[in-house]
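Some notes on the structure that comes next.
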Protein chains: 2
Amino acid sequence: MPRWEQGSADRLTRAALELFEEQGFESTSVVEIADRARVTTRTFFRYFADKAEVLFAESERIRATLVQAVLDAPDVSEPLHVVTTILAEFDWTGPGMELQRQRHAVIAANPGLLERDLIKQHDIATGFIDALQRRGVEETAARLAARVGSQVFSIAYAQWVESDGAADLAKLNDAAMALLETLVRPGRAGTA
Amino acid sequence: MPRWEQGSADRLTRAALELFEEQGFESTSVVEIADRARVTTRTFFRYFADKAEVLFAESERIRATLVQAVLDAPDVSEPLHVVTTILAEFDWTGPGMELQRQRHAVIAANPGLLERDLIKQHDIATGFIDALQRRGVEETAARLAARVGSQVFSIAYAQWVESDGAADLAKLNDAAMALLETLVRPGRAGTA
DNA sequence: AGCACCGATGTCACGCCGCGACATCAACTT
DNA sequence: AAGTTGATGTCGCGGCGTGACATCGGTGCT
């Protein structure tokens, strides 16, 4: 393969992030992005399915990593715990912290992009369901563990993001799990 | 107000559902829908924000009803229970079971529409969070109860739809809740 | 009756989106 | 040098969604 690989996708990503921050997501057209990256719109759509996908290009890789972690887990007899732990231990900052910051800023500023975020979350949970079943977990249990686990973690994650990454994600996650326990068993120990 | 009100929106909905079933969602253009309903595309967009919204027009009304049910609940000391019960007791068939069937069929056949469904689910959960907080539930507990409760119910709901509405939704919901309880407390009764 | 008003719809025009078909150009291979 | 391969550009199209404005038919008031 030639060695000019990646140049365009990379420039497109940076250009898009910049423009989204400067003038907003909706107000930025693909033409502008392509112009700043010095390619045509046609090239843009060869790398990204649509304008929003620029912000979520990595998610497929993340999903694969997380699912593999489930398949590699030493013990899945406690599927809910497995799911939340894997999520909490993942390195969400990734290679470029700056790009990550821009990503969050743009997504937070655009309700329409939250949708896309939801879908990615859903995809990951679906991957978990499949992986758990492969590990022998019964279907309904797998669905519950994956979906509930994702929700529990996402609450911890939101708190973590709010703290700018300063808080301990694992601790927040444990706290959320503990709270869930009291919610599931109301009127018992821990409520009064 | 004139008395020909509603005629167009109704015809557009029926026309859209028919065409979606006949030739698929993606393959159906707004022009075709409008033609069959004997209006112009401009009129279509006056009633529906976009093509997909035809399938989700009612969801805002549903959301308002569910949220109000939380506000009217006699006791919210067990928020998770409140959420799932309200969802399980709602009349999901609505006025027309046939339209509902078409809706499900079209959504199930289109991954892109599942996204929209997710968003609506998320909106409802967000409404629950707000309502629970108004009822005095602490923020994190409200978030957990709303999001986890929605997930638990959605699993029961999926099973119910699979049974064509024959199964008892409340019972399925209870079963899911019971399973969640065993998942949250692993290594105890029910696991070995 | 006559008239002013108003809401639903149509007409026109526009810009953006996403992609198929094909041409081009650089680098690598033999 | 010639062929191959992969990235990119050019052209053109059909669908999407909306703003601006015209139209037309009831409504209500005089």
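Throughout, a chain's letter reflects where its sequence line sits, starting with A, and its residues are numbered from 1.
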Six-ring centre of Phe56(A), Arg103(A) cation under 6.0 angstrom, axis tolerance 45°: yes
Is it true that Glu181(B) and Arg185(A) have a side-chain N and a carboxylate O under 4.0 angstrom from each other? no
Pair Glu21(A) + Arg101(A): basic N to acidic O under 4.0 Å: yes
Could you tell me how far apart Asp50(B) (CG) and dG15(D) (C1') are, to the nearest whole angstrom? 13 Å
Regarding Lys120(A) and Glu115(A), does a basic nitrogen lie under 4.0 Å from an acidic carboxylate oxygen? no
Give the rounded distance in Å between these two atoms: CG of Leu12(A) and P of dG18(C). 14 Å
Write down the distance between CG (Leu19(A)) and C1' (dC16(C)), rounded to a whole number of angstrom. 16 Å
All heavy atoms of Ala15(A) vs all of Ile33(A), minimum pair found to be CB-O, 3.8 Å
Check side chain to side chain donor-acceptor pair (under 3.5 Å) between Arg14(B) and all other residues, then give those that pass, not counting sequence neighbours. Asp10(B)
Rounding to a whole Å, what distance do you find between Phe45(A):CZ and dG9(D):C1'? 15 Å
When you measure from the side-chain N and O atoms of Tyr47(A) to the phosphate of dA7(D), is any distance below 4.0 Å, counting only OP1 and OP2? no
Report yes or no: do Asp117(A) and Gln121(A) form a side-chain donor-acceptor pair below 3.5 Å? no
What are the atom names and distances for every N/O pair under 3.5 Å that joins the protein to nucleotides 21-23 of chain C?
none

Any Thr41(B) side-chain nitrogen or oxygen under 4.0 Å from OP1 or OP2 of dG17(D): no
Please work out which residues in residues 25-40 of chain B have a non-hydrogen atom less than 4.0 Å from an atom of DNA chain C and list them by number. Arg38(B), Val39(B), Thr40(B)
Distance check: side-chain N/O of Lys51(A) vs OP1/OP2 of dC17(C), anything under 4.0 Å? yes
Quick one, Asp130(B) and Val67(B) - any side-chain contact, counting heavy atoms below 4.5 Å? no
